[in-house]
**Q** 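To start, I am sharing the structure in question, which I have written as C-alpha cells.
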Amino acid sequence: MNITDKTLNPDKMPRHVAVIMDGNGRWAQRQGRERTYGHQHGVEAVRSVIEGAGEMGIQYLTLYAFSTENWNRPREEVEMLMGLLVQAIHNELEGLMKNQVRLQITGRMKDLPAASRDALQDAIDRTAGNKGLTVVLALSYSGRAEIVDMVGDIAHEAAQGTLDPGQITADIVQQHLYHSEIPDPDILIRTGGDCRVSNFLLWQIAYTELFFVPTMWPDFRKEDLRDIVLDFQHRERRYGKTGEQVLEQ
Ligand code: IPE
Ligand code: IPE
Ligand code: MG
C-alpha cells in the first residue's frame with residue numbers, strides 16, 4: 001500500500017513531526033497483561049511510523065521514548081525499557097539502513113546505562129551517512145532540562161566574555177539547544193488520550209500544530225500518521241496574523 005495515495009498535498013508536507021508515544025501500559029493492562037507487554041508492542045508502532053514518515057518524505061521525526069520523569073517509575077519497568085531499547089536497536093538496524101534512516105538522540109545521554117549508550121552510539125555512527133528521514137529518539141529528555149542546559153551554556157559564555165548578555169536573542173537561544181540545526185516541529189502528536197505535553201520540546205513547540213488522539217501507542221500505525229498529516233494540511237497557520245493576511249501571502 002502506498003500511503004501517499006490519499007491526496008496528500010506535496011507542497012504542504014510537514015518537515016518535522018514529533019510524537020509523545022503514550023498509552024503502552026494501559027493498552028497492556030486492558031488485556032490483563034503486564035505493562036511491559038505494551039512497551040514490547042510499542043516497537044511495532046515505532047517501525048510503522050518510521051516507515052510511513054520516510055514514505056511521505058518527512059525530514060525529521062522526533063519520538064519521545066523516555067522522559068527525565070520516567071526515571072521515577074518502578075525499577076523493573078525502567079530496566080525493562082532500557083533493555084528493550086538495546087534489543088530494538090539491534091533488531092531494527094538493518095531496516096533503518098535499508099530505508100536510509102539516520103538516527104540521532106536528544107536528552108541527557110549520560111544518564112543512560114552504558115549498554116544502552118553504547119548501542120545507541122553504534123547505531124548513530126552506522127546510520128550517520130544515510131540520506132533519508134532523520135529519527136531523533138528523545139531519551140532521558142525533558143524540555144525544562146534542555147532549557148536549563150541552554151541557560152547554563154549561555155551563562156558560561158557570558159562569564160567567559162565570548163557572549164554579550166545584551167545581545168541575547170531568540171536565535172542565540174535556539175543555537176544553544178540540543179539540536180539547533182533541526183527545525184521546530186510542524187506537528188506534535190500525543191497518543192493515549194491525555195491532553196498534555198509532559199515536558200516535551202517546550203521551546204520548540206511555540207507554534208506547532210497539536211494533535212491529541214485517543215489511540216494507544218501500540219495500536220498507532222503509519223495510516224494514522226497519514227490521516228493526521230492530511231488534517232494538518234487543512235489547518236491555517238496564522239503566526240499572529242489575520243486570516244486575510246495569510247491568504248494574501
Ligand atoms: C508510554 O507509555 C511509554 C513511556 C512513557 C516509556 P506509558 O508507559 O506511559 O503508558 P500509560 O500511559 O501508562 O498507558
Ligand atoms: C510522556 O508520557 C513521556 C513519554 C511518552 C516518553 P508519560 O506517561 O510519562 O506522561 P505523564 O506522566 O502521563 O504525563
Ligand atoms: Mg503514560
Side-chain angles (χ1 to χ4, degrees), residues 16-50 53 60-89 91-92 103-113 115-117 119-120 123 135-149 178-179 182 185 187-205 208 210-222 224-225 228:
H16 182 180
V17 174
V19 187
I20 301 173
M21 308 184 290
D22 196 27
N24 294 351
R26 281 165 288 162
W27 181 87
Q29 284 164 333
R30 280 176 194 174
Q31 301 171 60
R33 310 291 292 253
E34 297 287 321
R35 295 174 52 79
T36 50
Y37 179 73
H39 297 314
Q40 283 160 350
H41 281 268
V43 178
E44 290 156 32
V46 171
R47 189 184 306 129
S48 175
V49 166
I50 289 177
Y60 299 95
L61 177 69
T62 300
L63 301 174
Y64 203 8
F66 195 86
S67 71
T68 53
E69 288 78 14
N70 290 147
W71 291 113
N72 298 320
R73 291 198 176 188
R75 193 170 54 88
E76 307 76 55
E77 183 168 339
V78 171
E79 283 175 3
M80 182 272 166
L81 281 166
M82 292 299 144
L84 181 63
L85 181 65
V86 177
Q87 194 195 324
I89 289 170
N91 293 342
E92 303 300 322
L103 188 72
Q104 304 252 285
I105 70 130
T106 188
R108 289 184 168 166
M109 184 107 153
K110 63 176 171 19
D111 295 348
L112 301 181
S116 311
R117 253 194 341 249
L120 281 162
V135 172
V136 185
L137 274 188
L139 288 161
S140 194
Y141 176 87
S142 83
R144 285 191 175 177
E146 180 171 26
I147 289 170
V148 167
D149 289 350
Y178 293 154
H179 283 281
I182 299 181
I187 294 177
L188 171 65
I189 303 167
R190 183 183 185 127
T191 60
D194 288 317
C195 299
R196 54 175 173 262
V197 293
S198 301
N199 219 345
F200 194 36
L201 301 175
L202 298 179
W203 171 273
Q204 296 90 337
I205 60 172
T208 298
L210 308 179
F211 292 83
F212 296 99
V213 297
T215 314
M216 297 291 150
W217 178 250
D219 286 333
F220 197 84
R221 289 293 177 272
K222 59 179 160 183
D224 302 299
L225 174 64
I228 287 173

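Atoms within each ligand, like the ligands themselves, are counted from 1 in listed order. If you're wondering where the values come from, they're calculated on a predicted model, not measured in any experiment.
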**Q** Should one rank Arg73, Glu77, Met216 by closest heavy-atom distance to atom 9 (O) of ligand 1, which comes out on top?
**A** Arg73

**Q** I need the atoms of ligand 2 closer than 4.0 Å to a non-hydrogen atom of Ile20, numbered in the order shown.
**A**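 That gives atoms 1 (C), 5 (C) of ligand 2.
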
**Q** In the protein, what heavy atom is nearest to atom 10 (O) of ligand 1, and what distance, to one decimal place, separates them?
**A**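 Ranked first by proximity to atom 10 (O) of ligand 1 is Gly25 N, 2.9 Å.
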
**Q** For ligand 2, which atoms sit closer than 4.0 Å to a heavy atom of Tyr64?
**A**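 With Tyr64 as reference, the close atoms of ligand 2 come out as 3 (C), 4 (C), 5 (C), 6 (C).
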
**Q** Between Thr215 and Arg221, is the side chain to side chain contact (heavy atoms under 4.5 Å, CB included) condition met? List the steps.
**A** CA-CA 10 Å; Thr215 314; Arg221 289 293 177 272; over 6 Å; no

**Q** Excluding waters, which protein N, O or S atoms are within less than 2.8 Å of the Mg ion (ligand 3)?
**A**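 Within the sphere that stays under 2.8 Å of the Mg ion (ligand 3), the protein atoms of type N, O or S are Asp22 OD1.
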
**Q** Can you confirm whether Asp224 sits close enough to Asp219 that some side-chain heavy atom of one is under 4.5 Å from a side-chain heavy atom of the other?
**A** no

**Q** Is the closest side-chain heavy-atom distance between Val43 and Glu92 below 4.5 Å?
**A**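 Sidechains of Glu92 and Val43: in contact.
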
**Q** Could you tell me whether some N/O pair between Asn70 and ligand 2 is separated by less than 3.5 angstrom?
**A**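 By distance alone, the answer is yes.
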
**Q** Ignoring hydrogens, what is the shortest heavy-atom contact between Met109 and Ile105? Give both atom names and the distance.
**A**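 The answer is SD-CD1, 2.7 Å.
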
**Q** According to ring pair (Phe, Tyr, Trp, His ring centres under 6.0 Å), who are the partners of Trp27, at least two apart in sequence or on a separate chain?
**A** Tyr37, His41

**Q** Taking both backbone and side-chain atoms of Phe66, is any N or O found less than 3.5 Å from an N or O belonging to ligand 1?
**A** no

**Q** Under 3.5 Å between any N/O of Ser198 and any N/O of ligand 2: does that happen in this structure?
**A**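 Among all N and O atoms of Ser198, at least one is under 3.5 Å from an N or O of ligand 2.
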
**Q** Look at the rings of Tyr64 and Phe200 and say which category their plane angle falls in: under 30° parallel, 30 to 60° tilted, over 60° perpendicular.
**A**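 Geometry flag for Phe200 against Tyr64: parallel rings.
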
**Q** For Gly192, is the nearest heavy atom under 4.0 Å from an atom of ligand 1?
**A** no

**Q** Considering only heavy atoms from C-beta outward, does the side chain of Gln204 approach that of Pro185 to under 4.5 Å?
**A** yes

**Q** Does some non-hydrogen atom of Met21 fall short of 4.0 Å from ligand 2?
**A** yes

**Q** In this structure, are over 12 heavy atoms from other groups packed under 6.0 Å from Glu77 atom CD?
**A** yes

**Q** At a 4.0 Å threshold, what atoms of ligand 1 neighbour a non-hydrogen atom of Arg26?
**A** 11 (P), 12 (O), 14 (O)

**Q** Could you tell me whether the side chain of Leu84 reaches within less than 4.5 Å of the side chain of Gln87, counting heavy atoms only?
**A**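 Yes; the side chains approach each other to less than 4.5 Å.
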
**Q** What atoms of ligand 1 come closer than 4.0 angstrom to any heavy atom of His39?
**A** 3 (C), 8 (O)

**Q** Determine whether Trp217 and Asp22 satisfy the following criterion, side chain to side chain contact (heavy atoms under 4.5 Å, CB included), listing intermediate values before the conclusion.
**A** CA-CA 6 Å; Trp217 178 250; Asp22 196 27; 5.9 Å; no

**Q** Measure the shortest side-chain to side-chain distance between Ile205 and Val197 over non-hydrogen atoms and say whether it is less than 4.5 angstrom.
**A**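 With C-beta onward as the side chain, the pair touches.
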
**Q** When you measure from atom 13 (O) of ligand 2 to every protein heavy atom, which one gives the shortest distance, and what is it?
**A** Arg196 NH2, 2.7 Å

**Q** Is any side-chain heavy atom of Glu69 closer than 4.5 Å to one of Ser142?
**A**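 Yes, close enough: below the 4.5 Å cut-off.
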
**Q** For Leu112, does its backbone N or O pair with a side-chain atom of Arg117 as donor and acceptor, under 3.5 Å?
**A**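 Side chain of Arg117 to backbone of Leu112, a donor-acceptor pair under 3.5 Å: yes, one is there.
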
**Q** Within ligand 2, which atoms have a heavy atom of Arg190 less than 4.0 Å away?
**A**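 In order of number, 2 (O), 10 (O), 11 (P), 13 (O), 14 (O).
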
**Q** Among Thr106, Leu61, Leu85, which one satisfies side-chain contact (heavy atoms from CB on, under 4.5 Å) with Leu137?
**A** Leu85

**Q** With only distance considered, is Asp22 within less than 3.5 Å of ligand 2 through an N or O on each side?
**A**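 Yes; the residue has a nitrogen or oxygen that sits under 3.5 Å from a nitrogen or oxygen of the ligand.
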
**Q** What atoms of ligand 1 come closer than 4.0 angstrom to any heavy atom of Arg35?
**A** 7 (P), 8 (O), 10 (O), 13 (O)

**Q** Ligand 1 versus Ala65, non-hydrogen atoms closer than 4.0 Å: side chain, backbone, both, neither?
**A**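 Only the backbone of Ala65 comes within reach of ligand 1.
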
